[in-house]
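Step one of this worksheet: look at the structure below.
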Amino acid sequence: MPTAVPPSPARTTTAAATSTVRTRPDRTATARDAAFRPDIEGLRGIAVLAVLCFHAAVPGITGGYVGVDVFFVISGFLITGMLVARPLGLLDFAARRARRILPAAAVVLVATALAGGLLLDPLRGTDLARDLLASAGQFANWRFVGRQTDYLAAGRDPSVLQHFWSLGVENQFYLLWGVLLLGLGRLLPRRRTGPAWVVTLAVGAVSLLLCLRWTAQSAPLGYFSTASRLWEFAAGGAAALLARRLALRTAGDAPRGRPRPGRVPLRLLGWLGAAAVLAGVGWYDRATPFPGSAALLPALGTAAVLLAGGSGLPAGRADVGRLLATRPLRAVGRLSYPWYLWHWPVLTIAEARSGPLPWTVLSALTLASAVPAWLTLRLVEEPLRRGSTAPRRGLSIAAAALAVPLIAGLTLGGGTVRALGSAEDARPPSGAADGADLLAPGTRVLTLTPSLARARTDFPPGRDCEIPLAAEKSPRCLFGDERSPDRIVLLGDSHAGQWISGLLPVAEQRHWALEVLVKPGCPLAAVPVRNDVLGRTFTECDRWRENTLARLAAGPAPRLIVMSGLNRYGGAEERTEGWRRTLDRLAALGAPLAYLADTPMPGKDIPTCLAASDGRSDACFFPRESAFEPDPLLAGGLAARYGIRVLDVGPVLCPDTGPDCPAVLQGVLLYRDSGHITNTLASVLSPRLERGLAGLLPN
């Protein structure tokens, strides 16, 4: 379940415009600066309802995540108008923003920490503690960029605090915009609007270019980064500057019976903008590359609605602003910020406890989360908004709102780490060279190896060998005796890279080098694939495969090529044909070929499952029928046709003694996530690989 951006907690006023009529021009715009915009409050209501319905998986709301654009544009509109019109100091501005945003967020963070400590398993509790620290520090968006979280992909369970990424983006925008516009106001006190236009257009243009580029290269970077989102705030800022100029031009008396200038075009602009926002809500879905160029529709639509209502003309019956200003929408708009903060932890914790829930239950939980949201609004937001506006008091409140969640995160993290056991490295036990047992005769493991505290980080060495998505060539990545002219080549995707520790002893025993050529998510078989992180066909994979095969053909020839990879790309026929095309070129190299068959696929996060079941491994069995896919090299006869040595550890990891496969075998934790084996297991299986390769290599 993806998350979206929170509504801006800023009061729905704007220095750019007003919905009331002035009887004489007022170029100071003082009265207009304080004018209340009920249509903006209603627009926030529309946006948050779209987000909530999307998270609750309500049918038909497939693009509700465009609420992110609506809220960002509104924030840019309000903040730009305020900064251009009011000569604020930077500390005063920062204190105002912090007092309105941070206290409510702190309440939700502390409550989530308490609920997570009670209801989540220790492993997810550890993740929550780290996310809580990032959220309290206002850099959650960059944490999720670093984790390569795919907002629109249904993969690993999302963070309970994933929705705080947008709060980080908003606060980073406030800081940047405050420094730029207030700084220019100090330098050019008599020319505030002109420099604001330059900053708004320059920042917006650069940010839009980055957004288009990063969305095509990496969905997490394009979605979560501040730089790729600033253009949406700038769009709101440009609308505020335009509305300010328009309001000054239309202010004043008009003869009775004659329409005010611009009424019809503005009315049409408002309705077209609203239609654009609603089109995104119903038209887009998880497959839409986002934000990218797709975000222009809701962002520019929101700017159009804001501009149409900011002319200084009274809202007519046929204006979209009159519809947005209805009481129900305004009530939702007032509640939007705390409701957004509360609903996501409620949904994610409920699903962590009960598994996937139908949309009807998710909708009921979303409605229930309005209760703590209303209490937060009445007991926290409104009292602080009506309180003292002194900068020192606001900064004191901000410091407390930052410190308390940080303490809660550290406390939660310490408790969950103790519950998971030792995180120290343990020597892998000795593995059997053959037979049905995993471990060598006489070897016993008394505690789970690796521990749950280490499970998710039990990676193979040389993770730099697994190149980024955009890379099309592998770097020089050698293990063992790097100066040796003889080498074993390990070739494939991340399911090949998981075997480094299993093959390294084989190379070291012969004083050879082990060369690793792997690209995550990229099949060695010539099968076109779609990458969910990129949101498009993985063309970089095809170019990497071509470059790698050409690199091997250029020599010198390796002593052995070991292939492996995920056996889930495309359909069975596509895999068979794709392997034929690749094997034709590999066979022409003249080096012996070996194939490590894919390991069983649990389809669920095994460490999390074990942590939730208090270490009972039988609770984390998974069906044999879904653990394996037909392999064209094993069942299709390709191995025999090309003279390939096949090593299949599947019968060892999933013994033929029942309908299910184990997650723990003889005390060894087999999987570090939902599909990759632990590095400990790869080391345990090394003697078996050595025996399986006998005859292809000299003793």
Side-chain angles (χ1 to χ4, degrees), residues 459-508 510 512-529 531 538-569 575 578-599 633 642 644-647 676-677 679 682 686 689 693 696-697:
F459 294 108
R463 294 199 66 201
D464 291 341
C465 300
E466 296 190 358
I467 58 178
L469 293 177
E472 298 175 1
K473 293 183 180 180
S474 289
R476 183 177 183 271
C477 191
L478 298 176
F479 298 89
D481 189 348
E482 299 181 14
R483 295 172 297 180
S484 173
D486 299 314
R487 72 192 195 281
I488 299 173
V489 172
L490 177 60
L491 191 59
D493 61 7
S494 62
H495 277 233
Q498 69 186 359
W499 289 109
I500 293 176
S501 292
L503 289 172
L504 184 55
V506 179
E508 289 179 330
R510 292 161 177 79
W512 290 359
L514 174 64
E515 182 176 14
V516 179
L517 300 173
V518 295
K519 183 173 178 64
C522 181
L524 186 56
V527 177
V529 295
N531 186 277
F538 198 6
T539 55
E540 292 86 349
C541 171
D542 298 327
R543 290 191 286 270
W544 172 84
R545 186 189 307 111
E546 178 62 31
N547 290 333
T548 300
L549 293 175
R551 174 175 169 175
L552 291 173
R559 297 296 296 269
L560 173 67
I561 296 177
V562 179
M563 305 169 289
S564 191
L566 177 68
N567 185 39
R568 306 261 168 168
Y569 300 104
R575 288 197 293 269
W579 270 116
R580 284 198 187 102
R581 291 197 293 268
T582 297
L583 291 175
D584 284 341
R585 299 183 63 178
L586 287 174
L589 300 177
L593 301 177
Y595 175 67
L596 288 174
D598 196 14
T599 50
L633 273 81
Y642 289 93
I644 299 171
R645 177 73 58 85
V646 173
L647 286 73
H676 297 88
I677 64 174
N679 190 56
S686 182
L689 301 186
L693 294 173
L696 295 180
L697 302 172

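Residue numbers start at 1 and run along the sequence shown.
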Donor-acceptor pair, distance only, cut-off 3.5 Å: does the side chain of [X] make one with the backbone of [Y]?
| X | Y | answer |
| --- | --- | --- |
| R545 | A525 | yes |
| T582 | L524 | yes |
| R585 | A553 | no |
| K519 | P468 | yes |
| D493 | L566 | yes |
| S564 | L596 | yes |

Q | Sole candidate of E515, E472, E546 that passes salt bridge (Lys or Arg N to Asp or Glu O under 4.0 Å) when paired with R551 | A |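 The single option meeting the salt bridge (Lys or Arg N to Asp or Glu O under 4.0 Å) with R551 is E515.
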
If every non-hydrogen atom of [X] is compared with every non-hydrogen atom of [Y], which pair is closest and at what distance?
| X | Y | result |
| --- | --- | --- |
| V518 | A496 | CG1-CB, 4.1 Å |
| V516 | C465 | CG1-CB, 4.0 Å |
| R645 | L693 | NH1-C, 3.8 Å |
| L583 | M563 | CD2-SD, 3.8 Å |
| C522 | W544 | SG-CE3, 3.6 Å |
| Q498 | P460 | CA-CG, 4.2 Å |

Once you round to the nearest 0.5 Å, how far does [atom1] of [X] lie from [atom2] of [Y]?
| X | Y | atom1 | atom2 | result |
| --- | --- | --- | --- | --- |
| L689 | W499 | CG | CH2 | 5.5 Å |
| T548 | L586 | OG1 | CG | 10.0 Å |
| L549 | L589 | CG | CG | 7.5 Å |
| H495 | N567 | NE2 | CG | 10.0 Å |
| R510 | D486 | CZ | CG | 11.0 Å |
| K473 | R543 | NZ | CZ | 12.0 Å |

Q: With W579 as reference, evaluate Y569, Y642, Y595 under the ring pair (Phe, Tyr, Trp, His ring centres under 6.0 Å) test and give the passing residue.
A: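 Of Y569, Y642, Y595, ring pair (Phe, Tyr, Trp, His ring centres under 6.0 Å) with W579 is met by Y595 alone.
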
Contact between [X] and [Y] at the side-chain level, heavy atoms closer than 4.5 Å - yes or no?
| X | Y | value |
| --- | --- | --- |
| N547 | S474 | no |
| S501 | S686 | no |
| W512 | V506 | no |

Q.
For I488, run the side chain to side chain contact (heavy atoms under 4.5 Å, CB included) check against I561, L504, L560, L696 and tell me which one passes.
A.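 For I488, the side chain to side chain contact (heavy atoms under 4.5 Å, CB included) check succeeds only for L560.
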
(Q) Applying side chain to side chain contact (heavy atoms under 4.5 Å, CB included) to V562 and L647, what does each step give before you reach the verdict? (A) CA-CA 10 Å; V562 179; L647 286 73; over 6 Å; no

